[in-house]
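Please read the structure below before turning to the comments.
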Amino acid sequence: MNGETSAARIDGATIAKLARGVRLRDDAVRGQQVLLAPERAMALDEIAVKIVHALDGARSIDAITDAFAAEFGAPRDQIAGDVIAFVQELSDRRMLEILS
Amino acid sequence: MTAIQSLERTTAAPLETPRILPPMALLAELTHRCPLACPYCSNPLELTGLREELTTEEWIRVFAEAAALGILHLHLSGGEPASRRDLVDLTKAAANLGLYTNLITSGVGLTEGRVQQLSDAGLDHVQLSLQGANATMADHVGGYRGGYERKMAVADWVRQAGIPLTVNAVCHKQNMDQLDEMLDLAVRLGARRIEIATVQFHGWAERNREALMPTQEQVERTNATVAAARERLKGVLVIDYVPADHHSTYPKACMGGWGRIGLNVEPSGEVLPCHAASTIPSLRFDNVRERPLADIWYRGDAFNAFRGDAWMQEPCRSCERKHIDFGGCRCQAMALAGDAAATDPVCIRSPLRPMLETAAASDGAATPGAFVYRTMKPQ
């Protein structure tokens, strides 16, 4: 027995990946990408799909943010806020494995 | 009772069937056989025997039809699904079809080796039932000595195999006051999620009202316990909660609306809009042995019986909540109002609400007698 006993706080240094039992799949019948988890199905927009793909268990949130800022030519602070908020939401729903 | 969040965006259903969206979830009741005898079992009073069960090949065909129809979540349930000798093969076939596979189990019938086989087969998630926070309570409610010890072992095997775990805690008069201990236990067992569901009074539970109906005070305490735990355990344990039905102001949005989100396939292959639908005598159910699943979903009489709102009577018809709770539970309307199209008597606007409240208060105050346990044999 060794359950998690405290919630993870997501910041720029966080490295995470989807927990086992959580997966992104193509939902051909409805023409969308869905994130499946226990008793949950979330339809993701393009940005959310990109974030989920970027959570590879190797890159930090900071590294992901840098890459997005370069790709979209958007302000880094704004992207960092959006990415952290989304990743925190996934973490609070116990959908992530936090590696560091 | 499964609470699937609605997709935020969905495209139109196929052209020939306007307005009916594809289903999200399928509950496969693989068997009615079960070593436990919980007195609130959601299976019907008349249970299906082994010989009438769908074969391995038939179930795999159903899963393939379900995947093509748009089903995302497949719940492997029962009875006790581990009573099926082909459980690993069924899981593997479903996982290969891309279905999200969820095993809903009492744990009894699983071994360490079998849990590993299920993991290797691609099982996504396990829901393990707990009937109480200790062996005395859990084994009393489940009617199976040694069940609790086995569940503790199963939770450990599931965690070691790396499969995410949800604890299912059905609450009622006799175990509700242990809820804080159940929450602690779920965390200790490594569960990421708990489903706390207050007993719904259909079928077997209806026969055990005096033994199971909580008091108003218990319901209020439980609501407060859940609210506090959601705060305390945020990011640690996801809590899904089904509050006491008869003590609510408005009825539950039963099944997320009739024929809107999910369907049940019975051990014999009958397809039901919800697990209690066979208590509505006017409905006839199609069988996957005779009709394709998509045809049953889009065109089956039982599924179309209470879709939309054209079937509604007053006070539902003109109610601003009719697309929130869909008039509540059709089976409860049948059982208590004698009319499956009536307003669920739980609703504060139902003329039968005072009667329901009086009965709930009386059963809540009653000293629990012996359980009428679920059994395959007619009583």
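Only this structure's heavy atoms are used, side chains among them; waters, hydrogens and symmetry mates stay out. Remember, it's a predicted structure, so these values are computed and weren't measured experimentally. Labels below follow one simple rule: chain letters A, B, ... track the order of the sequence lines, proteins then strands, and each chain is numbered from 1.
- Contact annotation: the side chain of A/E39 approaches that of B/H75 to within less than 4.5 Å [non-hydrogen atoms, C-beta and beyond].
- Contact record, B/G235 with A/A7: CA-CB, 3.8 Å, taken as the closest heavy-atom pair.
- For A/A19, the parts sitting under 4.5 Å from any heavy atom of chain B are the backbone and the side chain alike.
- Between the side chain of A/R94 and the backbone N or O of B/V236 there is at least one donor-acceptor pair closer than 3.5 Å.
- Counting heavy atoms from C-beta on, the side chains of A/V29 and B/L69 never come closer than 4.5 Å.
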### Task
Test side-chain contact (heavy atoms from CB on, under 4.5 Å) on B/R192 and A/V22 and set out the steps.
CA-CA 12 Å; B/R192 284 193 219 159; A/V22 182; 4.0 Å; yes

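- We find the CG-CG distance between A/L35 and B/L72 to be 11.5 Å, quoted to the nearest 0.5 Å.
- Within a 6.0 Å sphere centred on NZ of B/K252, other residues, nucleotides and ligands contribute more than 12 heavy atoms.
- Counting only heavy atoms from C-beta outward, the side chains of B/D240 and A/R40 approach each other to under 4.5 Å.
- Contact of the A/R30 side chain with the B/M24 side chain is registered, since non-hydrogen atoms from C-beta on lie closer than 4.5 Å.
- Interface summary for chain B: among A/A28, A/P38, A/S91, A/G21, the most heavy-atom pairs under 4.5 angstrom belong to A/P38.
- Contact annotation for B/A68: only backbone heavy atoms (N, CA, C, O) come within less than 4.5 Å of a heavy atom of chain A.
- Between B/D124 and A/R20, no side-chain nitrogen of the basic residue sits less than 4.0 Å from a carboxylate oxygen of the acidic one, so the salt-bridge criterion is not met.
- Between A/A37 and B/H73, the shortest heavy-atom distance links the atoms O-NE2, 2.8 Å.
- A/L36 CG to B/L99 CG: the interatomic distance, rounded to the nearest 0.5 Å, is 9.5 Å.
- Not a single donor-acceptor pair under 3.5 Å links the side chain of A/R93 to the backbone N or O of B/V238.
- To the nearest 0.5 Å, atom NZ of residue B/K234 and atom CG of residue A/D92 are 4.5 Å apart.
- The candidate from B/G98, B/A67, B/A186 with the greatest count of non-hydrogen atom pairs under 4.5 Å with chain A is B/G98.
- No more than 12 heavy atoms of other residues, nucleotides or ligands shown are found within 6.0 angstrom of CD on B/E231.
- Between A/R23 and B/Y100, some side-chain heavy-atom pair lies under the 4.5 Å cut-off.
- Of all the listed residues (B/I163, B/L123, B/L165, B/L237), the one sharing the greatest number of non-hydrogen pairs under 4.5 Å with chain A is B/I163.
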